[in-house]
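Reviewing the structure listed below.
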Amino acid sequence: THIDRDDDPSAVQIKNATIDNVMVPQLNAVAAQLRADQLVIEGDEERIRGYCRVFTEAGEAWVERIIENISLYEGLVSAMVDCMRLDNLDVITMLFEFWSKLADLTLEYTSSCDNSRRALVTVFETLIDIIIRHVKYPEVFETDDPNDGMTAKERDEFREFRHNIGDVLKDCVRVVGQTRALSHPYNIMIGCIDGQSQMPWQDIEAPLFALRAMGAEVSPTENEMLPKIMDMFARFPPHPKLRYAATLVIGRYTEWAYEHPQYVEFQLNYIAEGFKVREVAAASAQSLKYLCQDCSKYLAEHWANLLKFFNEMASSGSLDESDVIEFSEALAHVVSAVPPPGTAAAIESFCLPVGQELGVMLQRPDLNNSEKQHLALLLDRLGVFLRYVNIEDNESAEALTGRIINESWPLLSMILQRFAADAVVSESVCKFTRVLVEFYPVIMRPITTQVVDSVVEAFHLTGLSVYLWVARRIINASNTLAIDEASCMQLVASMVERLSESALALFQGTPFSDIPETTEDYFRLVERAVEVAPGYIFTMQSFPFIFQAAIAALEVNHYHAQIAVVQAWLRMLGPTKRHLRLIQDNWKNSHVTPGGSGRALTDSPGSQRRRSLSRVDPYPVEQVVELCVKYGFDLTVKLLYGLMHRFDRESVSEAADVFASLTAIVSEGPNVAKSQFDGPPAATMCEWVQATIAQIPDANYSAADKQDILQELSELIQGRNWPKVRILISDFAAVFWRRNAGKN
């Protein structure tokens, strides 16, 4: 029974009485039935699902009443707890939202001394123990079984379940309090360790997982339970699954370790030992990264030993590439904490051997696939280190890093010349280049032209989309890569024009849907370039061809590429619509004589102010209007067809925005271009829409509906109501989809 807060008080009182006196007792009876139901005991899923649904719906509907009168609703809450005890993990997930709401409202409406808070603390403590039992891996989970006793699908589903139920554990910590909550996994683990018989590893791994899930709600200053828990780690049985889980716990509590530095050395050694066990190496790499990030000041004195250990592990071949990269990041955090002038020496100790090895490899006339893979990994190591090392306000480190970067570019250039078409190597080169231009733009400024030339040439030769991706990163950093605004605009426009020449040639010979990544990255590039330098981009000689390519690209049937194309259109047309409105507003403000022709835009006070504050690249409204009028019919056809048949549902809103902007531009733009500010909007879009929807069979969209949408569109255009044009076309798409779902 739903109670509306606006209901008549007497009606609310009757409903409340009905709930308390009739429905709650009935639910209590259902709860008793649940506990005795033989089908539930035997695991009948439909039976279990039915009970859980009944109690969940009641609990979510009455969660506020539960907090107000916990004694009356104790039976319902107990039934919810009993549902959580059931072993059908797929079904009990429906209860998670209830526990989240109950936790939120408990904290909002009760205090620690309230009876309801005390009762609910007991409930949530019970939940902790139940959840720890649920997250325990099955006893058949054997490490020497290639399938771990579970199929891949079962493992994935179980991991997802553990992740989701971990959120309920966080709710438990919030209500129970961190120390009491932490005591539950601690007591389970200490019981296992102190027990007389050897316990299965699953019995300790489950509370370790719970500890990691609770971490987000535990303060770094917790001083009662976490020291006991950390002291326990050395007593764990030597099982790789336990080592893996315990290592991840250390990584989750590195902020706590910062507040308790006496544990840092032990944790560092514990993590390091894990690198020697292949099953644990990934957890060690991740946790080392977090430990070095949060506790770098305590580890700075160990940087040389860490680097030595890293070199040993990296050369041993026992680490996956991702582990090597995370270890590299960890070292960068530690080196950042080394006091000057030692920082420079530490940076050189990491970077110099990598650079030397790259140089040796490039002296070979040819590299096999394995060697190319190693070359890419060396670039990734160096790039990640330079990305995370902090040299701010450290003159010696800045000078050294500048020298390293200047010496590295010739190597990168050589790699591009030799391996531009190799997918693995090119990706690593571009990731490294991104680090250089985004994090060291001032150092890169003198060689920016060389960088751009190399990227443009590589894309011309290979057509790989990664070069368009890094070009967009260059645009992102262009304001600091260039010496002034004009140079920035020229850099962007020149690079985009040269890349567009190759991209347009590629698009002419290959369908967009066959090269979705290139399509996506190219139009992301165009979108960003138009945002940064619209005046330069719109006036490029090649821009009309880019405009036409963007129309054709609306046919792409890959989601991310489709989104990129639509958003590029938004960036091209949305600001133009706003500039037209600004021009019209300025004319209205300066139009003095009723019925007169009005002063020219360039004479208006508003325009004079704009000229005094103008950008290096004033917005070229007329060029965009001209292109929209010339090619707008084709764009209209593609947009409407996409809205009816092709676009993903998530693209519809933005595509409708594009349509509304195009409508405003072709309706108002020609008049504004002629300074005819008081003329009525052109009916161009109505004509285009009429011609387009006339091709739709009446069986799919009736003649009456076509007439209605044209009539409404005409009225909205004449009223210059562009927001409602967007709504109209969105509704049209929704209606068309609904009516034609399942039709060929």
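Fair warning: this is a prediction, and the values are worked out from it, not measured in the lab.
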Donor + acceptor pair across side chains of E555, Y641 (<3.5 Å): no
Candidate pair L640 and I729, rule side-chain contact (heavy atoms from CB on, under 4.5 Å), full reasoning: CA-CA 9 Å; L640 289 177; I729 210 67; 3.6 Å; yes
No-hydrogen, no-angle side-chain donor-acceptor test under 3.5 Å, R646 and Q562: no
Donor-acceptor contact present, side-chain E329 to main-chain I325, <3.5 Å: no
V672 vs V625, side-chain contact (heavy atoms from CB on, under 4.5 Å): CA-CA, chis, key distance, verdict: CA-CA 10 Å; V672 171; V625 170; over 6 Å; no
Heavy-atom donor-acceptor pair, R418 side chain to P365 backbone, under 3.5 Å: yes
Among D422, V466, I415, V455, the one residue meeting side-chain contact (heavy atoms from CB on, under 4.5 Å) with V429: I415
Within-4.5 Å side-chain heavy-atom neighbours: V624 and M572: no
Heavy atoms of other groups near E626 CD, more than 12 under 6.0 Å: no
Short side-chain donor-acceptor distance under 3.5 Å, S465 and Y522: no
Aromatic ring pairing F543/F538, orientation class (parallel under 30°, perpendicular over 60°, tilted between): perpendicular
Trace of the side-chain contact (heavy atoms from CB on, under 4.5 Å) decision for L635 with L554: CA-CA 9 Å; L635 178 54; L554 287 168; 3.6 Å; yes
Rounded distance (nearest 0.5 Å) linking atom CG of D634 with atom CZ of F547: 10.0 Å
Separation of T576 OG1 from E622 CD (nearest 0.5 Å): 12.0 Å
Point-to-point distance, once rounded to the nearest 0.5 Å, from CZ of F439 to CD1 of I391: 12.0 Å
Spacing of L643 atom CG and K638 atom NZ [to the nearest 0.5 Å]: 13.5 Å
A332 backbone acceptor or donor facing R387 side chain under 3.5 Å: no
Test item: side-chain donor near acceptor, D648 and S651, under 3.5 Å: no
Pair E321-R381, salt bridge (Lys or Arg N to Asp or Glu O under 4.0 Å): steps then yes or no: CA-CA 9 Å; E321 291 183 7; R381 281 167 54 179; over 6 Å; no
Atom CD of Q356: over 12 foreign heavy atoms under 6.0 Å: yes
Heavy-atom side-chain proximity of I475 to M495 below 4.5 angstrom: yes
Shortest non-hydrogen contact from A420 toward Y467: O-OH, 2.7 Å
Any V658 side-chain heavy atom under 4.5 Å of L639 side chain: yes
CA sep, side-chain torsions, deciding dist, call: E501, R498, salt bridge (Lys or Arg N to Asp or Glu O under 4.0 Å): CA-CA 5 Å; E501 181 180 345; R498 294 163 65 194; over 6 Å; no
Between CG on residue L416 and OG1 on residue T462, distance to nearest 0.5 Å: 9.5 Å
Matching residue for I546 among I537, V526, I551 - test: side-chain contact (heavy atoms from CB on, under 4.5 Å): V526
Whether S426 side chain and A423 backbone form a donor-acceptor pair below 3.5 Å: yes
Pairwise side-chain contact, H302 with V334, heavy-atom cut-off 4.5 Å (strictly under): no
More than 12 heavy atoms of other groups within 6.0 Å of F309 CZ: yes
Minimum-distance pair of heavy atoms, taken over all atoms of L411 and G359: CD2-CA, 4.3 Å
Intermediate values then yes/no, side-chain contact (heavy atoms from CB on, under 4.5 Å), L382 and F432: CA-CA 8 Å; L382 191 56; F432 188 80; 3.6 Å; yes
Side chains of N390 and S336, donor plus acceptor under 3.5 Å: no
Side chain S408, main chain I405, donor-acceptor under 3.5 Å: yes
Within 6.0 angstrom of Q490 CD, more than 12 heavy atoms from elsewhere: yes
Residues, nucleotides or ligands: over 12 heavy atoms within 6.0 Å of E517 CD: no
Derivation and outcome, salt bridge (Lys or Arg N to Asp or Glu O under 4.0 Å), residues R159 and D156: CA-CA 5 Å; R159 290 190 187 103; D156 290 342; 3.4 Å; yes
Heavy-atom side-chain contact between L358 and L375 under 4.5 Å: yes
Any donor-acceptor pair under 3.5 Å from D323 side chain to L319 backbone: no
Distance flag, aromatic centroids of W722 and F659, threshold under 6.0 Å: no
Mutual orientation of the aromatic rings belonging to F350 and F385 [parallel < 30°, tilted 30-60°, perpendicular > 60°]: parallel
K577 and E668: CA distance, side-chain angles, deciding distance, salt bridge (Lys or Arg N to Asp or Glu O under 4.0 Å) verdict: CA-CA 9 Å; K577 180 183 73 172; E668 301 275 50; over 6 Å; no
Sidechain-backbone polar pair: S287 side chain, S284 backbone, donor-acceptor under 3.5 Å: no
Donor-acceptor under 3.5 Å (S413 side chain, W409 main chain): no
Face-on cation placement of R649 at W737 ring, 6.0 Å and 45° thresholds: yes
Gap separating the NZ atom of K431 from the CG atom of L379, nearest 0.5 angstrom: 9.5 Å
Residue pair G463 / L506: nearest heavy atoms and the distance that separates them: O-CD2, 4.3 Å
Polar side-chain atom of N394 near backbone of A397 as donor-acceptor pair, under 3.5 Å: yes
Flag, side chain of H558 to backbone of S513, donor-acceptor distance under 3.5 Å: yes
Residues Y536 and S494: side-chain donor-acceptor under 3.5 angstrom: no
